[in-house]
Amino acid sequence: MCGIYGYKGVKTNAGSIVINGLKRLDYRGYDSWGVAVCADNALFVEKEVGKISDIRSLEKLPNGNCAIAHTRWATTGAVNTTNAHPHYSTDKSFVLAQNGIVENFDELKKMLVEKNYRFASETDTEVIVRLIEEKQKTQKSLLEAIRAAFLQLDGRNTIIALTKEGEIYAARNGSPLVVGKDTKTNDIFVSSDVLSFAPYVDTMAVVENNQMIQIGKGGDVSLFDVKDGTKKTFVFEPMTIKADTIQKEGHDHFMVKEIFETPQAIRKLLSQPKGTYEELANATKRAPHVYTIGSGTAGFAASQIAFYLRVFGGIRATNLVGADARSYYGLFQKDDLIIAPSQSGETADVMEVLEYAKNKKMKIASVVNMPGSMMTRMSDYPFMSEAGPEICVMSTKVFSSQIAWGYLVAKTLQEQYENGHKHLEFLAYALHTYLEQNQNIARVKMLAKHLARKQHIFLLGKYQNLAVVNEGMVKIVEGAYHHAHAIPAGDLKHYAITLMEEGVPVIAVVSDDVVKNDMNTAINEVRLRGAEVIAIGHKKQENYDYFLPVPDTGETDAIGNVVPLQLLAYFMAVELGNNVDKPRNIAKSVTVK
Ligand code: GLU
């Protein structure tokens, strides 16, 4: 899930330019980074373990007008400087960086070792480099050698290479690749996302799967089909996406700022035209079967969307988990609809299923927060979740706006769009008021201090609050690095009851009257065994040890209930001294399987 960046143009500080670009990509992985600059017919590389934001200076690198850079999220080979990208070819005539996983890495490496190629790192990336060298023996140009090697890679991979003559090559199969151009200077930027070069270009173009580009010595960009090698026309379109300069605006971390932006995100969603909801609602009705799909937080958003489609929309919607949807492949049929909420719009696990669904001629709807993503481009019904840039790696306001979107789709199906709109308007107002009241925040903060001392935390929910407690679990695990376990309230007695003993914390979301009695029973069962109950709901009861009140917004309660859980995870992370906006080992855009 790395980030790739490249620059070739008139400026001579290419090293600093790509580092600045990389800083905007560090949500994609931040265990190590590397830069290569081309100067005087040679390549100079600097690599380090750690965050790009910690880069002091690039003293070792010369000036040059051509450079590539990479931020790594290790999949193959430990996190160390040797394994960081870019990797040199044996004769140092080119360097290469990769985003993805070479799934046939073992087999290729074995073949190359037998041919006496030497490897400095443990990465699959270096296998690509050596494979290109092997292909250079028989192919007439580096372009052809890269193409031939790329065709032999299994898995979803995007690569970028820089030669000592100052040419850049990049090929894509899976992970994103975009090119930007400043038409006044002819400066060219290559990147994993458009926002990273948005301030410097006025036109852009997307490299599609199985395409590759060559930026020649003179800065001319050519596009090729990877499969047959034919040259294609590369059309740059005017750049419409603006780069926001995003600040914390007085908050200590982006996470809390973004939680506070939830009401605003919901309001923004409400400005989308009714017609687009109606179109999707009609497609949903026509579809023989409706699936929702996502990974991690978006996976629980997908689950909540499916809940709303069933309960309000009367649609038999099935929720799939991105990383484990294969058992449904045989059931996918033409005109089925698959709905994918995603923060980045490029999650590899989900993309793989969507590509399969597309081949089966299914329809795709997506609700994505990142502009210009692959998912949006492949969708028949593309929606934006309109939450605005989310910098914290842990997703908060995007989750809320995506489930609010799902609720509105379901209400449109019920022919209750206006009523749904009103409910969400009220929810946005109620959440705004909730977040404005210091005592609400103070309560969560105090509780977070208490929970930060507990290694295991249980969460109970049911019906509209089940996906919400699951999402609460995700946030606590991501932010606090503590073990959290969410369970449907009634299921608890079947197994996890064995873990209930003195002082075990159990968070129960009890706002829903439909399942009030069941929640109460579960609460009594755990309390009898000594557990301490933290309830999130509308009215305090005697059998709660702690109580976090939330606004009563009826049908949309679940959307609001996730907010105190997000705040709880935030304050726990702060209390524990964790890296709040960039938790260890995870990245925001998961473009590897
Ligand atoms: N497989 C490469 C590595 O481990 C790239 C990983 C990625 O794209 O996240 O270095």
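Order of listing sets the numbers, starting from 1, for every ligand and every atom in it. Just so it is clear, the model here is predicted, and its values are computed rather than measured.
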Which atoms from ligand 1 have a heavy atom of Cys2 less than 4.0 Å away?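 Within the 4.0 Å cut-off of Cys2, ligand 1 contributes 5 (C), 6 (C), 7 (C), 8 (O), 9 (O).
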Sequence neighbours left out, what passes side chain to side chain donor-acceptor pair (under 3.5 Å) with Ser385? Give chain and number order.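 Here the qualifying residues are Asn369.
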Examine Thr123 against ligand 1 and note whether any of their N/O atoms are separated by less than 3.5 Å.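 No, since none of the N or O atoms of Thr123 sits under 3.5 Å from an N or O of ligand 1.
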Nitrogen or oxygen atoms of Ile101 and ligand 1 under 3.5 Å apart: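 No: no nitrogen or oxygen of Ile101 is under 3.5 Å from one in ligand 1.
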Gln98 and ligand 1 - part of the residue with a heavy-atom distance under 4.0 Å: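 Near ligand 1, Gln98 shows its backbone as well as its side chain.
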If hydrogens are left out, which of Ile4, Thr71, Thr75, Asn83 has an atom nearest to atom 4 (O) of ligand 1, that is, the closest non-hydrogen atom?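 Looking at heavy atoms only, Thr75 sits closest to atom 4 (O) of ligand 1.
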May I ask you to decide whether Glu134 forms a salt bridge with Arg130, counting only side-chain N to carboxylate O separations under 4.0 Å?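 Looking at Glu134 and Arg130, the cut-off is not met.
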Got a salt bridge between Glu107 and Lys110, using NZ or NE/NH1/NH2 to carboxylate O under 4.0 Å?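 So Glu107 does not pair with Lys110 through a salt bridge.
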Begin from the C-alpha positions of Tyr5 and Tyr7 and carry the test ring pair (Phe, Tyr, Trp, His ring centres under 6.0 Å) through to its verdict. CA-CA 7 Å; Tyr5 206 83; Tyr7 168 81; 8.6 Å; no
Could you pull out every donor-acceptor pair under 3.5 Å between side chains of residues 62-69 and any protein atom, sequence neighbours left out?
residue : atom : partner : partner atom : Å
Asn65   : ND2  : Gly9    : O            : 3.2

Within-shell test, Gly100 vs ligand 1, heavy atom, strictly < 4.0 Å: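 Yes; Gly100 lies near enough to ligand 1 that a heavy-atom distance drops under 4.0 Å.
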